[in-house]
Student: 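Below are the structure tokens for one structure; questions will follow.
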Amino acid sequence: MNLFADLRSAVVDALGRMTVEGLLPPGLDLAAVAVEPPRDAAHGDMATNAAMVLAKPAGKPPREIADALARALMEDPRIEGADVAGPGFLNLRLAPALWQGVVRQVLAAGTDYGRSDIGAGAKVNVEFVSANPTGPMHVGHTRGAVVGDALANLLAFAGWNVTREYYINDGGAQVDVLARSAYERYREAHGLEPEIREGLYPGDYLIPVGEALKAKYGPTLLDKGEQHWLAEVRDFATAMMMQEIRSDLALLGVEMDVYSSEKALYGTGEIEAAIEELRAAGLIYEGVLEPPKGKTPEDWEPREQTLFRSTAHGDDVDRPVKKSDGSWTYFAPDIAYHYTKVKRGFDQLIDIFGADHGGYVKRMKAAVSALSGGRVPLDIKLIQLVKLFKGGEPFKMSKRAGTFVTLRDVVEQAGADVTRFIMLTRKNDVALDFDFDKVLEQSKDNPVFYVQYANARVNSVLRKAAEAGIAVDDAVLLAADHRALSHPAELALLKKVAEWPRLVEIAARNNEPHRVAFYLYELASDFHGFWNRGNDEASLRFVQEDAAASQAKIALAKSVSVVICAGLAILGVTPVEEMR
RNA sequence: GCACCCGUAGCUCAGCUGGAUAGAGUGUCGCCCUCCGAAGGCGAAGGUCGCAGGUUCGAAUCCUGCCGGGUGCGCCA
């Protein structure tokens with residue numbers, strides 16, 4: 001399925017034969033041996049660094065190894081040429097049949113082409129969004145939601161057993177603030193003047209919550225002390241906010257497998273159990289932290305607190321798990337929450353955080369390392385901010401009254417597909433510009449359009465061919481004689497298609513879904529370039545007089561479309577068959 | 001002060017966890033439609049990969065130290 005992996009096996013086998021023949025010493029570590037597509041096509045179809053990597057351990061000059069390896073590989077019928085180049089690269093030219101065979105692989109597998117088992121069914125938990133349930137989701141959350149969801153898709157495609165999870169921060173002080181804010185809107189619903197004091201959430205989005213509270217409780221909560229209504233209003237408002245968040249996520253096409261509640265950790269012994277686990281490992285102690293150097297807070301005074309010895313697991317300073325009044329810090333439930341993930345048997349954890357949470361990376365990793373005995377790796381992806389523009393000008397959002405650009409605003413203006421794709425056109429840790437005008441532009445400036453257009457062109461070809469009376473159903477294209485695809489331009493396009501399975505593996509291994517978006521752009525670009533060559537060379541057009549010739553070429557076009565669709569599916573973007 | 005992220009073409013960014021002459025887009029300039037969708041394509045020009053060392057066959061990539069920008073730093077989550 002993955003030509004590059006196949007060829008690497010061929011190289012490894014050849015090295016094995018060389019070892020048997022005494023050309024190489026036994027017991028060499030072949031991990032560093034790579035088979036990659038060379039950057040420059042003039043260097044052949046694939047290149048291996050085997051000779052250079054093995055030169056030192058084998059105690060032989062690289063060129064000598066490369067020459068021997070070349071001879072060994074030439075026995076493989078798939079390999080037509082093996083040239084030693086540069087410091088000891090071995091450039092391989094493959095039989096065209098190998099590339100032509102890719103068409104059959106793609107068409108037979110459909111959008112499963114590129115599916116991999118490198119994940120080996122390992123259980124991975126992807127925690128993302130986890131926005132506080134105190135208001136609607138804004139643009140910043142949108143990017144995290146898209147990255148997390150696409151990453152989950154990608155890992156599933158590459159053979160992981162994926163759980164998408166949302167951690168609801170419903171246990172801290174901020175949900176009390178929500179409750180008080182909602183209570184004022186409840187009073188407002190009764191015709192009273194709301195008192196939105198400093199520190200409360202002023203947003204209009206709480207007005208419906210006030211109305212709903214009125215509908216449920218009538219006037220019974222009015223003129224009563226907080227102790228009489230806080231818990232109920234808090235639960236009510238939190239539930240409504242989560243409802244809104246779920247519907248926002250649905251709007252984006254994101255569906256979580258699990259919602260975990262912070263509040264549910266309190267009073268159930270979960271937090272205590274996690275801390276006890278750490279204590280048993282000797283990682284909990286009572287102590288006094290040093291003030292941060294160079295920036296001592298005004299009101300700093302030394303206090304004894306319960307501390308987690310996170311420095312034993314790579315952190316810079318130990319972290320408090322209890323406040324000086326004996327209550328838990330926010331970090332304690334976070335520890336407990338991650339402990340539940342470890343206990344649920346995940347082999348691998350991924351957290352998607354906003355970049356402003358960069359300071360918590362080391363301590364979370366330390367906690368997971370301590371709680372899993374170093375068995376469960378935690379990868380944390382920080383999502384940089386999204387800068388909004390409109391027509392090239394910064395999109396001003398009003399600071400007053402808590403209004404901001406919400407996820408809903410963005411999706412309603414740009415559409416879920418466009419939003420998702422654009423959010424993946426940057427690596428997670430660099431800032432992203434999102435221009436409301438540009439992302440809707442139907443031109444090559446817009447990568448979403450550009451990729452969709454390539455797919456639309458393929459479908460246009462299929463329609464044209466059908467009009468000309470050429471059968472283009474899947475079975476016919478699969479059975480076509482793909483050996484006819486011998487023009488260098490056709491082979492070049494095929495090579496790009498053949499890269500897809502490898503790209504999937506690289507992207508998945510690095511937890512980097514943006515690579516898929518970049519690859520699709522490149523594939524689309526290659527396709528558009530190929531398309532235009534048909535202007536000059538009629539023999540390169542997909543639709544030909546001869547039906548059999550057409551079918552082979554259309555099979556190529558179709559395989560491009562299949563890969564685009566497979567890639568878009570990972571990004572969570574719907575492919576379009578026609579632009580309008 | 002410390003930690004983390006970023007620094008690559010005028011601008012916006014990729015760069016396959018060390019590979020060959022560092023790539024796209026955009027902008028600038030010049031081209032290509034009696035031709036499957038020009039909603040596209042081709043070409044030119046544009047670089048001390050922030051700086052300085054180090055590791056090795058080989059560094060944009062790994063290590064160290066600086067410079068610049070961002071984020072964060074006990075009783076907020």
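Heavy-atom basis, side chains included; hydrogens, waters and symmetry copies ignored. Proteins get letters first, then strands, A, B, ... in listed order; numbering begins at 1 in each.
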Student: Among B/rG41, B/rA38, B/rG19, which nucleotide has an atom closest to any side-chain atom of A/Asn49?
Tutor: B/rG19

Student: Please give, in whole Å, the distance from B/rA3 C1' to A/Arg363 CZ?
Tutor: 10 Å

Student: What pairs with A/Thr574 under side chain to side chain donor-acceptor pair (under 3.5 Å), at least two apart in sequence or on another chain?
Tutor: A/Asp417

Student: Does A/Arg234 pair with A/Asp176 as a salt bridge, N-O distance under 4.0 Å?
Tutor: yes

Student: Does A/Glu537 reach a base, just sugar-phosphate, or nothing at all? Heavy atoms under 4.0 Å.
Tutor: nothing

Student: If you check the A/Pro292 side chain, which of B/rG1, B/rG41, B/rG19 turns out closest?
Tutor: B/rG1

Student: Between A/Arg457 and A/His528, is a side-chain hydrogen bond (donor to acceptor under 3.5 Å, both in side chains) present by the stated rule, with each step listed?
Tutor: CA-CA 9 Å; A/Arg457 275 181 153 173; A/His528 288 308; 3.0 Å; yes

Student: Where the side chain of A/Lys362 is concerned, which of B/rG74, B/rG40, B/rC4 is the nearest nucleotide?
Tutor: B/rC4

Student: Both A/Val288 and A/Phe449 contact RNA chain B. Which one's nearest nucleotide lies toward the 5' end?
Tutor: A/Phe449

Student: Between A/Arg319 and A/Asp315, does any NZ, NE, NH1 or NH2 come within less than 4.0 Å of an OD or OE carboxylate oxygen?
Tutor: yes

Student: Summarise how protein sits on nucleotides 9-16 of chain B as a single string, 5' to 3': B when a protein heavy atom is under 4.0 Å from the base, S for sugar-phosphate-only contact, - for no contact.
Tutor: ---SSSSB

Student: B/rC76 C1' sits how many Å from A/Trp328 CH2, rounded?
Tutor: 18 Å

Student: If the condition is ring-ring contact (aromatic ring centres under 6.0 Å, His included), which residues does A/Phe157 pass it with, not counting sequence neighbours?
Tutor: none

Student: Which nucleotide sits closest to the side chain of A/Phe89: B/rG19, B/rC36, B/rG40?
Tutor: B/rG19

Student: Using only modelled atom types and a 3.5 angstrom limit, is any donor from either the side chain of A/Asn532 or the base of B/rG40 paired with an acceptor on the other?
Tutor: yes

Student: Under a 4.0 Å threshold between the charged nitrogen and the carboxylate oxygen, would A/Glu512 count as salt-bridged to A/Arg515?
Tutor: yes

Student: Hey, can you pull the residues of residues 318-327 of chain A with a non-hydrogen atom under 4.0 angstrom from RNA chain B?
Tutor: A/Pro320, A/Lys323, A/Ser324

Student: For the backbone of A/Asp170 and the side chain of A/Thr238, can you confirm whether one donor and one acceptor N or O come within less than 3.5 Å of each other?
Tutor: no

Student: Among B/rG40, B/rG19, B/rG74, which nucleotide sits nearest the side chain of A/Arg303?
Tutor: B/rG74

Student: Counting only Watson-Crick pairs (N1-N3 plus N6-O4 or O6-N4) and G-U wobbles (N1-O2, O6-N3), all under 3.5 Å, who is the partner of B/rC62?
Tutor: B/rG54

Student: What nucleic acid atoms does A/Val504 come within less than 4.0 Å of, heavy atoms only: base, sugar-phosphate, or nothing?
Tutor: nothing

Student: Looking for any heavy atom pair under 4.0 Å, which part of the strands does A/Tyr521 touch: base, sugar-phosphate only, or nothing?
Tutor: sugar-phosphate

Student: If you measure from the C1' atom in B/rU26 to the same atom in B/rC67, how many Å do you get, rounded?
Tutor: 29 Å

Student: Is A/Arg463 salt-bridged to A/Glu577, going by a charged N under 4.0 Å from an acidic O?
Tutor: no

Student: Of the listed nucleotides (B/rG40, B/rC75, B/rU26), which one gets closest to any side-chain atom of A/Gln305?
Tutor: B/rC75

Student: Can you list the residues that meet the side chain to side chain donor-acceptor pair (under 3.5 Å) rule with A/Asn459, with sequence neighbours excluded?
Tutor: none

Student: Could you tell me how far apart A/Asp536 (CG) and B/rU34 (P) are, to the nearest whole angstrom?
Tutor: 12 Å

Student: Output all residues satisfying side chain to side chain contact (heavy atoms under 4.5 Å, CB included) with A/Lys390, sequence neighbours left out; order by chain, then residue number.
Tutor: A/Phe395, A/Gln413, A/Phe436, A/Asp437

Student: For A/Leu289 and B/rC2, give me the distance from atom CG to atom P, rounded to whole Å.
Tutor: 19 Å

Student: Would one find a side-chain N or O of A/Trp531 under 4.0 angstrom from OP1 or OP2 of B/rA38?
Tutor: yes

Student: Give A/Ala355 one of three labels, base, sugar-phosphate or nothing, depending on what nucleic acid heavy atoms sit under 4.0 Å from its own.
Tutor: sugar-phosphate

